[in-house]
Amino acid sequence: MAEELFIPSTQTKIKKYEALLPQIKALISGEKNLIANLANIGAALKQTFNWWWVGFYWVESNELVLGPFQGPIACTRIAKGKGVCGTSWLNKHTIVVPDVEKFPGHIACSTASKSEIVVPIIKNNVVVGVLDCDSEHLNHYDETDRIYLEQLSQIIADLT
Ligand code: SME
């Protein structure tokens, strides 16, 4: 397909996700390389929602290691159970953080980041990575983001 996204700019967040997810599926359908696909998925999310930071951490032995991302440079390794990402990995659950300063143990890669959502990518009941989205605004992520980003996480798990 042509490398162009069609996202209705004036529509609601739900409409944007509804437009985006099928295009992401199409975008990655012809490509087997995981890094290439994660890179494009991160870019598609950034292009659609313009979040401060969006990217992936991938499980490597007992740590999460920074993968493809869009935004400022970030910490490269996160231990299991540490920060929002490591906690999402440990608990196998999405974590929505309305105010990062109120999350005990939050890892501040960027002081501009104010709220965050981390979605685990689960394959055969094992977390293989996490999708981390950060906003410079408080209370930025909600149930809508959780629902659609979990669908996206399932699409990604199916790739691996
Ligand atoms: N805030 C995350 C660390 C990753 S950065 O936000 C890119 C955490 O607490 O796990």
Distance-only side-chain donor-acceptor flag, Tyr148 / Glu18, under 3.5 Å: yes
With sequence neighbours left out, the residues meeting side chain to side chain contact (heavy atoms under 4.5 Å, CB included) with Ile122 are Lys92, Pro120, Val127
Report the relative orientation of the aromatic rings in Phe56 and Trp58; use parallel for angles under 30°, tilted for 30 to 60°, perpendicular for over 60°. perpendicular
NZ of Lys123: more than 12 outside heavy atoms within 6.0 angstrom? yes
Phe49 and Tyr17: aromatic ring centres closer than 6.0 Å? yes
Could you check whether Glu136 and Ser113, counting side-chain N and O atoms only, form a donor-acceptor pair closer than 3.5 Å? no
Looking only at heavy atoms, which two atoms of Cys75 and Leu66 are closest? And how far apart? O-CB, 3.9 Å
Is a salt bridge present between Lys114 and Asp134, judged by a nitrogen-to-oxygen distance below 4.0 Å? no
Atom NZ of Lys80 with >12 non-hydrogen neighbours under 6.0 angstrom: yes
Smallest heavy-atom separation, Asn37 atom then Lys32 atom, equals ND2-C, 4.3 Å
Is a side-chain donor-acceptor pair under 3.5 Å present for Glu116 with His140? no
Thinking salt bridges, do Arg146 and Glu143 make one under a 4.0 Å N-O criterion? yes
Checking Asn40 now: which residues fulfil side chain to side chain contact (heavy atoms under 4.5 Å, CB included) with it, not counting sequence neighbours? Leu27
One should read off an interatomic distance between Leu21 CG and Leu152 CG, to the nearest 0.5 angstrom, of 5.5 Å
Could you tell me whether Ile35 atom CD1 has more than 12 heavy atoms of other residues or ligands within 6.0 Å of it? no
Any chance NE2 of His93 has more than 12 other-residue heavy atoms, nucleotides or ligands included, within less than 6.0 Å? no
So which heavy atom on Trp89 is nearest to which on Ala79, and how close? CZ3-C, 4.4 Å
With Phe69, which residues qualify under ring pair (Phe, Tyr, Trp, His ring centres under 6.0 Å), at least two apart? Trp53
